[in-house]
J.: 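Take a look at this one; I'll ask things after.
Letters go in sequence order (proteins before strands), and every chain restarts at 1. It should be emphasised that the depicted structure is a prediction, and the values quoted were computed from it without experimental measurement.
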Amino acid sequence: MSTSQEHQAYDFAYVQEKWLPIWDKIEPFKSGRPDDKRPKKYVLDMFPYPSGDLHMGHAEAYALGDVIARYWIQKGFNVMHPIGWDAFGLPAENAAIKRNEDPRIWTYENIATQKASMRRYACSFDWDRVFNTCDPEYYKWNQWLFIELHKRGLAYRKDSAVNWCPSCQTVLANEQVVAGLCERCDTAVTKKKLNQWYFKITDYADRLLDDMKELEGKWPDKVLTMQRNWIGRSQGANVNFIIEGRATPVTIYTTRPDTLYGATFMVVAVDSELAAELAAGTAAEDKFKQYRDSVKAASDIDRLATDRPKSGVFLERYAINPVNGEKLQIWASDYVLADYGTGAIMAVPAHDQRDLDFARAMKLPVRVVVKTDNEDPNETGIATTGDGELINSGALDGLNKADAIAAINKQLEADGLGKSARNYRLRDWLVSRQRYWGTPIPIVHCDKCGEVAVPADQLPLQLPDAKGLDLKPKGQSPLAAATEWVNTKCPTCGGAALRDTDTMDTFVDSSWYFLRYPSSTNHDEPFSRADIDTWLPVDQYVGGVTHAILHLLYSRFFTKVLHDIGMLGFTEPFTRLLNQGMVVMDGSAMSKSRGNLVRLSDELENHGVDAIRLSMVFSGPPEDDVDWSDVSPSGSVKFLSRAWRLSGDVTSSAGVDFATGDISLRKATHKALHDAAFAVESFRFNVAIARVMELVNATRKAIDSGPGAADPAVREATEAIAIMLSLVAPFTAEEMWERLGHKPAIATAGWPVVDEKLLVADAVEAVIQINGKITERIEVAPTITDSEIEAQALAHPTIIAALNGAAPKKVIARAPKLVNIVL
RNA sequence: GCGGGAGUGGUGAAAUGGCAGACACGCAAGUCUUAGGAACUUGUGCUCCGGCGUGCGGGUUCAAGUCCCGCCUCCCGCACCA
């Protein structure tokens with residue numbers, strides 16, 4: 001029978017307001033008292049950028065991170081689940097320019113807004129460990145780390161043609177150029193020759209690549225593959241070519257030294273110094289300069305179009321092929337990159353498509369030196385890049401590709417003409433930025449002493465006051481105008497010197513922030529070794545796949561550097577990684593301009609925090625995108641109130657002995673606890689929730705048409721439901737817990753211990769197949785053996801009739817599930 | 001072009017090589033109601049009622065959504081890296 005209490009709608013708004021202040025007092029998510037004996041788990045969500053309030057994407061990411069953190073707490077772990085803000089960067093600076101105020105104001109306001117929203121969203125963060133990367137107390141350690149890298153030659157300056165965003169008026173790292181466009185503002189990126197700071201990430205290329213073995217199966221394959229491709233290790237050989245009229249030979253890089261006899265010309269990168277030098281004083285000089293200028297004028301976008309016709313200029317110079325003495329024309333072209341390999345190549349048009357395209361455009365010879373199954377490239381215009389027997393190649397004739405490479409490398413090395421070499425697609429990390437809102441680079445430039453690091457006791461080197469500074473992008477750092485700040489004394493000689501006016505890429509801030517949380521209040525060092533040894537590495541990292549290369553690669557690099565310095569005892573920062581999908585609307589990313597923006601605050605207002613969290617988690621696998629138009633938050637509300645109503649129906653008292661309860665509901669409860677735990681641990685949160693829903697349905701039935709509300713098994717089931725729900729619907733769970741006669745916080749109540757004996761079903765249904773087709777179903781004991789189930793199947797009247805006297809060729813028994821009779 | 005991932009009901013999705021579609025959404029019918037955007041019950045892959053069904057075509061297996069080979073489509077990443 002139903003009472004009015006049962007039918008009362010579940011009031012999520014009331015429940016939310018009721019519990020927040022109580023949780024503030026209890027603080028269930030404080031981690032890491034030193035005497036804590038529980039095993040540790042470090043669960044980390046990627047920290048947000050404070051650009052306005054939280055949005056639907058945050059709601060998904062933090063719901064997922066919360067399920068994991070709350071699960072491990074229930075499982076008895078000492079969980080650290082911290083949060084902070086990635087607070088330096090361009091949006092704050094642009095907002096500051098627009099509003100004509102200090103970027104600090106916008107930044108800290110947004111942080112306060114987001115923090116309040118996170119509290120309301122019931123994120124299980126440890127609020128004692130919060131920091132913002134724009135706090136001087138944090139960026140002090142950016143500077144300290146920069147100096148440590150500088151000491152070791154891992155931070156250095158060089159002149160180079162860098163990526164330049166004409167709109168942001170700043171340089172960009174390679175990783176921040178997406179298809180030739182600035183990742184931030186989508187402006188076509190140009191090249192500019194500048195003297196800039198770099199971190200020597202290329203020194204770590206091999207380790208970044210090889211250590212990924214450790215991460216296999218723990219990080220998404222996609223991310224590992226992306227990083228491998230990004231690093232782009234290639235194995236080949238450097239070969240020296242004598243240049244007529246030049247004292248020193250030119251070294252080229254090739255991955256196909258076996259095709260050396262097929263080289264018919266040489267190409268140097270048009271924007272390389274070598275090209276300019278070779279062209280100087282020749283009849284081709286004017287034509288070369290003209291060509292070079294036209295290439296410079298073209299944007300990266302034009303350059304990136306691979307199907308565009310090849311262009312180039314013959315430099316009127318010749319190289320000598322070291323293996324056969326042939327005289328080869330030297331051309332300059334933009335299809336050879338100045339900053340990869342040696343900026344010069346031997347062209348083997350028969351076996352490289354780009355060289356072939358160039359050869360055909362410039363009417364240069366094509367010579368086949370590898371016999372493949374494919375047709376002559378001279379006729380087809382398609383280079384034959386596969387393996388085959390070497391021809392027209394002197395001593396290499398008759399060898400296959402691998403043997404020929406080995407043989408020629410050996411010979412080149414013996415003759416001093418070359419040697420095997422490796423190259424990487426990865427370039428050093430350009431870290432200087434010509435913008436205000438970032439960490440000042442802690443270097444003083446002294447005419448006498450050169451680059452001098454700011455002494456540690458003078459850190460943090462604080463940003464000058466933004467007041468009076470023009471932050472508008474103008475190609476030079478706004479800090480340069482802060483003359484009082486710029487003019488300083490050399491820490492070494494005491495003479496007049498100038499501060500470096502660039503700031504650091506904000507990816508520096510995020511490359512080590514996860515090391516700071518355990519020591520967030522440490523004023524003496526970026527982090528203490530004791531804290532690190534207690535908490536690190538991160539057990540579970542949760543965040544978007546957008547950071548697959550940039551942030552994750554840089555963090556891995558920093559971790560290895562800090563390991564080498566002796567500050568860390570491990571070399572990979574994130575043991576496991578979960579990439580959540582995006583929240584989209586009607587199939588496309590939400591945006592104001594598209595008009596499909598769903599406001600998180602509206603959704604929370606309409607359906608409540610728990611229902612939104614539940615909808616996010618239940619919609620599908622966490623890696624998949626959530627299309628909000630496919631999601632039913634009202635369905636979630638319905639389910640939550642169904643679960644909540646159970647807690648009002650239970651009539652047995654807290655502490656009752658479950659052992660005397662209805663056995664079949666007890667079995668359902670223990671199976672749900674077992675299966676949900678397994679599902680959570682394998683990131684199948686949607687399946688975990690399905691198991692809870694099944695238990696809610698079973699419990700409802702037990703109350704209405706089973707053993708009744710007073711049965712202890714009903715209480716056991718309802719308590720289990722509340723605890724499982726606490727991972728995703730903390731308010732509802734806490735309310736249920738109270739109605740069941742318990743004290744807050746349910747978050748730390750503990751996952752009920754699963755009784756293995758209750759996981760065994762009384763009877764299971766087995767199928768009997770004939771030739772793989774289901775013919776009959778029988779009830780069997782779960783403990784039945786293969787031979788017993790086979791005997792039962794063969795003795796079954798339906799089967800005897802179906803066989804009609806025929807003798808089975810073979811019988812496969814898989815107790816207790818199936819018997820397949822093969823005729 | 002290279003690399004990676006994915007194709008299952010009207011929809012979101014389940015399924016250690018062993019009953020395809022769990023759990024939901026939606027929809028339909030019903031119960032109770034002054035009422036229903038509440039609650040509960042039942043039904044819901046297709047079907048010519050024989051069967052047929054996991055993008056298409058092969059293969060391995062007693063058994064394939066799952067493993068192998070070849071295609072098609074879509075999504076993502078990289079893209080003149082020699």
J.: Please check if any side-chain donor atom of A:D586 sits under 3.5 Å from a side-chain acceptor atom of A:S629, or the reverse.
T.: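 Per modelled atom types, A:D586 and A:S629 side chains form a pair under 3.5 Å.
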
J.: In terms of relative ring orientation, are A:F358 and A:W331 parallel, tilted or perpendicular, with 30° and 60° separating the classes?
T.: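 Answer is perpendicular, since the angle exceeds 60°.
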
J.: Could you check whether A:F639 gets within reach of a base, just the sugar-phosphate, or nothing at all, counting any heavy atom under 4.0 Å?
T.: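 Since no nucleic acid heavy atom lies under 4.0 Å of A:F639, the category is nothing.
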
J.: Between B:G4 and B:G70, how many Å separate the two P atoms, rounded to a whole number?
T.: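 Looking at atom P only, B:G4 and B:G70 are 13 Å apart.
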
J.: For B:U33 and B:U41, measure between their C1' atoms and round to the nearest Å.
T.: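 After rounding to an integer number of Å, I get 15 Å for this pair.
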
J.: Expressed as a whole number of Å, how far does the C1' atom of B:G65 sit from that of B:G55?
T.: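 Between the two C1' atoms, the distance is 12 Å.
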
J.: Can a side-chain donor-acceptor contact be found between A:S682 and A:R684 if the only test is distance below 3.5 angstrom?
T.: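 Distance-only check passes for A:R684 and A:S682.
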
J.: Go through the steps for A:M212 and A:R556 under the test side-chain contact (heavy atoms from CB on, under 4.5 Å), then give the verdict.
T.: CA-CA 10 Å; A:M212 268 188 265; A:R556 297 182 59 224; 3.7 Å; yes

J.: Going by purine N1 to pyrimidine N3 plus the second Watson-Crick contact, or the G-U wobble pair, all under 3.5 Å, which nucleotide sits opposite B:G12?
T.: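 Paired with B:C23.
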
J.: Partner of B:G3 by Watson-Crick or G-U wobble geometry, both contacts under 3.5 Å, or none?
T.: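 Here B:G3 is engaged in a pair, and the nucleotide opposite it is B:C76.
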
J.: Give me the one residue out of A:D258, A:T384, A:T259 that meets side chain to side chain donor-acceptor pair (under 3.5 Å) with A:H351.
T.: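 Option passing the side chain to side chain donor-acceptor pair (under 3.5 Å) with A:H351: A:T384.
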
J.: Quick one: is B:C62 close enough that its OP1 or OP2 comes under 4.0 Å of any side-chain N or O from A:K810?
T.: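 Answer yes for this pair, as a side-chain N or O of A:K810 is under 4.0 Å from OP1 or OP2.
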
J.: Side chain of A:V767 only, heavy atoms from C-beta on: which candidate in B:A22, B:C19, B:C40 is closest?
T.: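 Closest of the options to the side chain of A:V767: B:C19.
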
J.: Paired with B:A28: which nucleotide, if any, by Watson-Crick or G-U wobble criteria at under 3.5 Å for both distances?
T.: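 Checking every strand shown, B:A28 finds its partner in B:U42, with both distances under 3.5 Å.
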
J.: Within the structure shown, what part of the strands sits under 4.0 Å from A:D630 by heavy-atom distance: base, sugar-phosphate, or nothing?
T.: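 The answer is sugar-phosphate, as A:D630 gets under 4.0 Å only of primed atoms, P, OP1 or OP2.
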
J.: How is A:N771 classified with respect to the nucleic acid when contacts are heavy atoms under 4.0 Å: base, sugar-phosphate, or nothing?
T.: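 Nothing, no heavy atom under 4.0 Å.
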
J.: Mind checking the C1' distance from B:C25 to B:G57? Whole angstroms is fine.
T.: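 After rounding to an integer number of Å, I get 35 Å for this pair.
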
J.: From NZ of A:K638 over to C1' of B:G26, roughly how many Å is that when rounded to an integer?
T.: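 Result: 10 Å.
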
J.: Looking only at atom C1', what distance separates B:G45 and B:G58, rounded to whole Å?
T.: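 It comes out at 26 Å once rounded to the nearest Å.
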
J.: Using heavy atoms to find the nearest nucleotide of RNA chain B for A:I689 and A:S234 separately, return the residue whose nucleotide is more 5′.
T.: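 Looking at RNA chain B, the more 5' nearest nucleotide goes with A:I689.
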
J.: As an exercise, state the distance from OG of A:S393 to CZ of A:R367, rounded to the nearest 0.5 Å.
T.: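 It is 8.5 Å, given to the nearest 0.5 Å.
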
J.: Could you go through residues 338-345 of chain A and list every donor-acceptor pair under 3.5 Å that involves a side-chain atom there, pairing it with any protein atom two or more places apart or in another chain?
T.:
residue	atom	partner	partner atom	Å
A:D339	OD1	A:R427	NH1	3.0
A:D339	OD2	A:R427	NH1	2.9
A:Y340	OH	A:S234	OG	3.3
A:T342	OG1	A:T251	O	2.6
A:T342	OG1	A:A344	O	3.3

J.: From B:C23, B:A82, B:U11, pick the nucleotide closest to the side chain of A:Y340?
T.: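 The answer is B:A82, which lies nearest to the side chain.
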
J.: So does A:R814 get a side-chain nitrogen or oxygen closer than 4.0 Å to the phosphate oxygens (OP1/OP2) of B:G17?
T.: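 Answer no for this pair, as no side-chain N or O of A:R814 is under 4.0 Å from OP1 or OP2.
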
J.: Determine which nucleotide pairs with B:U60, using a 3.5 Å limit on both distances of a Watson-Crick or G-U wobble pair.
T.: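 Checking every strand shown, B:U60 finds no partner, since no pair has both distances under 3.5 Å.
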
J.: For A:Q353, answer base if it contacts any base atom (sugar-phosphate contacts may also be present), sugar-phosphate if it contacts only those atoms, and nothing otherwise; contact means non-hydrogen atoms under 4.0 Å.
T.: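 Contact class for A:Q353: none.
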
J.: Under 4.0 Å: is that the gap between some side-chain N or O of A:N697 and OP1 or OP2 of B:A24?
T.: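 Indeed, a polar side-chain atom of A:N697 lies that close.
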
J.: Determine the contact category for A:R228: base if any of its heavy atoms lies under 4.0 Å from a base atom, sugar-phosphate if only primed atoms, P, OP1 or OP2 are that close, otherwise nothing.
T.: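 Counting heavy atoms under 4.0 Å across all strands, no contact is made by A:R228.
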
J.: A:W644 has an atom CH2; how far is it from atom C1' of B:A38, in whole Å?
T.: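 A:W644 atom CH2 is separated from B:A38 atom C1' by 13 Å.
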
J.: Supply the atom-to-atom distance A:L553 CG to A:I231 CD1, rounded to the nearest 0.5 angstrom.
T.: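 A:L553 atom CG to A:I231 atom CD1 measures 5.5 Å (nearest 0.5 Å).
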
J.: Decide whether A:Y335 and A:D357 meet the rule of one side-chain donor and one side-chain acceptor closer than 3.5 Å.
T.: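 No.
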
J.: If I take atom CG in residue A:L614 and atom C1' in nucleotide B:C25, what distance separates them, rounded to the nearest angstrom?
T.: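 Going from A:L614 (CG) to B:C25 (C1'), I get 13 Å.
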
J.: Establish whether the base of B:C80 is bridged to the side chain of A:K310 by a donor-acceptor pair shorter than 3.5 Å.
T.: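 Counting by modelled atom types and ignoring angles, a donor-acceptor contact under 3.5 Å is found here.
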
J.: Answer yes or no: does a side-chain N or O of A:Y335 lie under 4.0 Å from OP1 or OP2 of B:A82?
T.: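 It does not, given that no N or O in the side chain of A:Y335 lies less than 4.0 Å from OP1 or OP2 of B:A82.
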
J.: Is B:U34 paired to anything, Watson-Crick or G-U wobble with both distances less than 3.5 Å, and if yes, which nucleotide?
T.: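 B:U34 is paired with nothing.
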
J.: Who are the side-chain hydrogen bond (donor to acceptor under 3.5 Å, both in side chains) partners of A:R360, not counting sequence neighbours?
T.: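 By the side-chain hydrogen bond (donor to acceptor under 3.5 Å, both in side chains) rule, A:R360 matches no residue at all.
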
J.: What is the separation between atom CD1 on A:I721 and atom C1' on B:C23, rounded to the nearest whole Å?
T.: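 Atom-to-atom, A:I721 to B:C23, this comes out as 14 Å.
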
J.: Within less than 4.0 Å of OP1 or OP2 of B:C40, is there a side-chain N or O belonging to A:R645?
T.: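 Yes, such a contact exists.
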
J.: Round to the nearest Å and state the distance from A:I768 atom CD1 to B:A63 atom P.
T.: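 Rounded to the whole Å, the gap is 19 Å.
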
J.: Whole angstroms only, please: what is the CG-C1' distance between A:L823 and B:A63?
T.: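 After rounding, the reported distance stands at 14 Å.
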
J.: Let's test your reading of the model: under 3.5 Å, does the base of B:C78 pair with the side chain of A:N229 as donor and acceptor?
T.: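 Counting by modelled atom types and ignoring angles, no donor-acceptor contact under 3.5 Å is found here.
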
J.: In whole angstrom, give me the gap between the P atoms of B:C80 and B:A22.
T.: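 Roughly 49 Å separates the two P atoms.
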
J.: State which of B:A13, B:A82, B:G4 makes the closest approach to the side chain of A:K222.
T.: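 The answer is B:G4.
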
J.: Taking syn as any angle within 90 degrees of 0 and anti as the rest, which one fits B:G9?
T.: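 Syn, since the glycosidic angle lies within 90° of 0.
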
J.: Which way is the base of B:G43 turned, syn or anti, if we draw the line at 90° from 0?
T.: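 Chi for B:G43 falls in the anti range.
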
J.: Which part of the nucleic acid, if any, lies within contact of A:I774, taking any heavy atom under 4.0 Å across all strands shown: a base, the sugar-phosphate backbone alone, or nothing?
T.: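 Here A:I774 touches the backbone only, sparing every base.
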
J.: Measure the distance from CG on A:D355 to P on B:G1 and round it to the nearest whole Å.
T.: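 About 19 Å, once rounded to whole Å.
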
J.: To the nearest 0.5 Å, what is the distance between CG (A:L430) and OG (A:S160)?
T.: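 Atom-to-atom, A:L430:CG and A:S160:OG are 7.5 Å apart.
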
J.: Of all of residues 674-685 of chain A, which get a heavy atom below 4.0 angstrom from RNA chain B, listed by number?
T.: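 Within residues 674-685 of chain A, the residues near RNA chain B are A:R684.
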
J.: Mind checking the C1' distance from B:G12 to B:A6? Whole angstroms is fine.
T.: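 Going atom to atom, C1' in each nucleotide, I get 16 Å.
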
J.: Would you mind reading off the distance between A:M724 atom CE and B:C23 atom C1', rounded to a whole angstrom?
T.: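 To the nearest whole Å, that distance equals 14 Å.
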
J.: 5'-most contact on RNA chain B: A:D339 or A:T225, nearest heavy atom basis?
T.: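 Mapping each residue to its closest nucleotide by heavy atoms, the 5'-most match is A:T225.
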
J.: Between B:U61 and B:C68, how far apart are the two P atoms, rounded to whole Å?
T.: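 One P to the other, the span is 16 Å.
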
